[in-house]
Amino acid sequence: MRKHLAPVAILLSVLGQACGGSDGSPPAVATVAVSLVATSVLIGQATTASAVLRDAGGTVLTGRTVTWTSSAPSVATVTAAGSVATV
C-alpha cells in the first residue's frame, strides 16, 4: 500500500519589496504564482517549487529574493532553491 503525503503549505516570502514609487525604486510585487514540477508526491519523494513575481501591471519581476519555508518540516522540507522533499 502506498501512503500519500497530506497537503503541506510551502510558504514563501518576497524580501525587500517595499512599495515601488516614482523615486526610481523598483516596482512592488503585486502577485506571486507558485508552481510545482509534481503537484502530488509520495512519502520519500521530492519535487521542485518555483515562483513568478509580477507587478500591478502584470510585468514579470526579476532580481527579487524568494525565501521558501515549510509549515510542517516534520512532513516536508524545502531548500533555499525550492526543492521540496517529503519526510
Side-chain angles (χ1 to χ4, degrees):
M1 174 184 233
R2 296 168 83 177
K3 293 184 178 182
H4 289 274
L5 176 67
V8 174
I10 302 300
L11 306 174
L12 68 102
S13 63
V14 181
L15 303 178
Q17 303 308 320
C19 294
S22 59
D23 62 355
S25 62
V29 174
T31 64
V32 179
V34 177
S35 61
L36 298 168
V37 172
T39 57
S40 177
V41 294
L42 300 174
I43 294 172
Q45 293 182 328
T47 189
T48 302
S50 61
V52 176
L53 289 63
R54 296 182 186 271
D55 66 14
T59 302
V60 173
L61 302 173
T62 60
R64 306 300 174 100
T65 301
V66 175
T67 302
W68 299 96
T69 313
S70 173
S71 64
S74 63
V75 177
T77 60
V78 61
T79 67
S83 178
V84 181
T86 59
V87 179

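The backbone N or O of L36 lies less than 3.5 Å from no partner atom in the side chain of T47, so there is not a single donor-acceptor pair. A distance-only check finds no donor-acceptor pair linking the side chain of S70 to the backbone of V78 [under 3.5 Å]. Under a 3.5 Å cut-off, the side chain of T48 and the backbone N or O of G82 do not form any donor-acceptor pair.
In this structure, W68 and V34 have side chains that are in contact, with non-hydrogen atoms separated by less than 4.5 Å. When side chains are defined from C-beta on, V75 does not count as touching T86, because their heavy atoms never get closer than 4.5 Å. Side-chain atoms of L61 and P27, non-hydrogen and from C-beta on, do get closer than 4.5 Å to each other.
Here the straight-line distance linking atom OG1 of T31 with atom CG of L53 works out to 7.5 Å at 0.5 Å rounding.
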Check against side-chain contact (heavy atoms from CB on, under 4.5 Å), R64 and V29: CA-CA 9 Å; R64 306 300 174 100; V29 174; 3.7 Å; yes
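Looking at every heavy atom in both residues, S74 comes nearest to V87 through O-CB, 3.5 Å.
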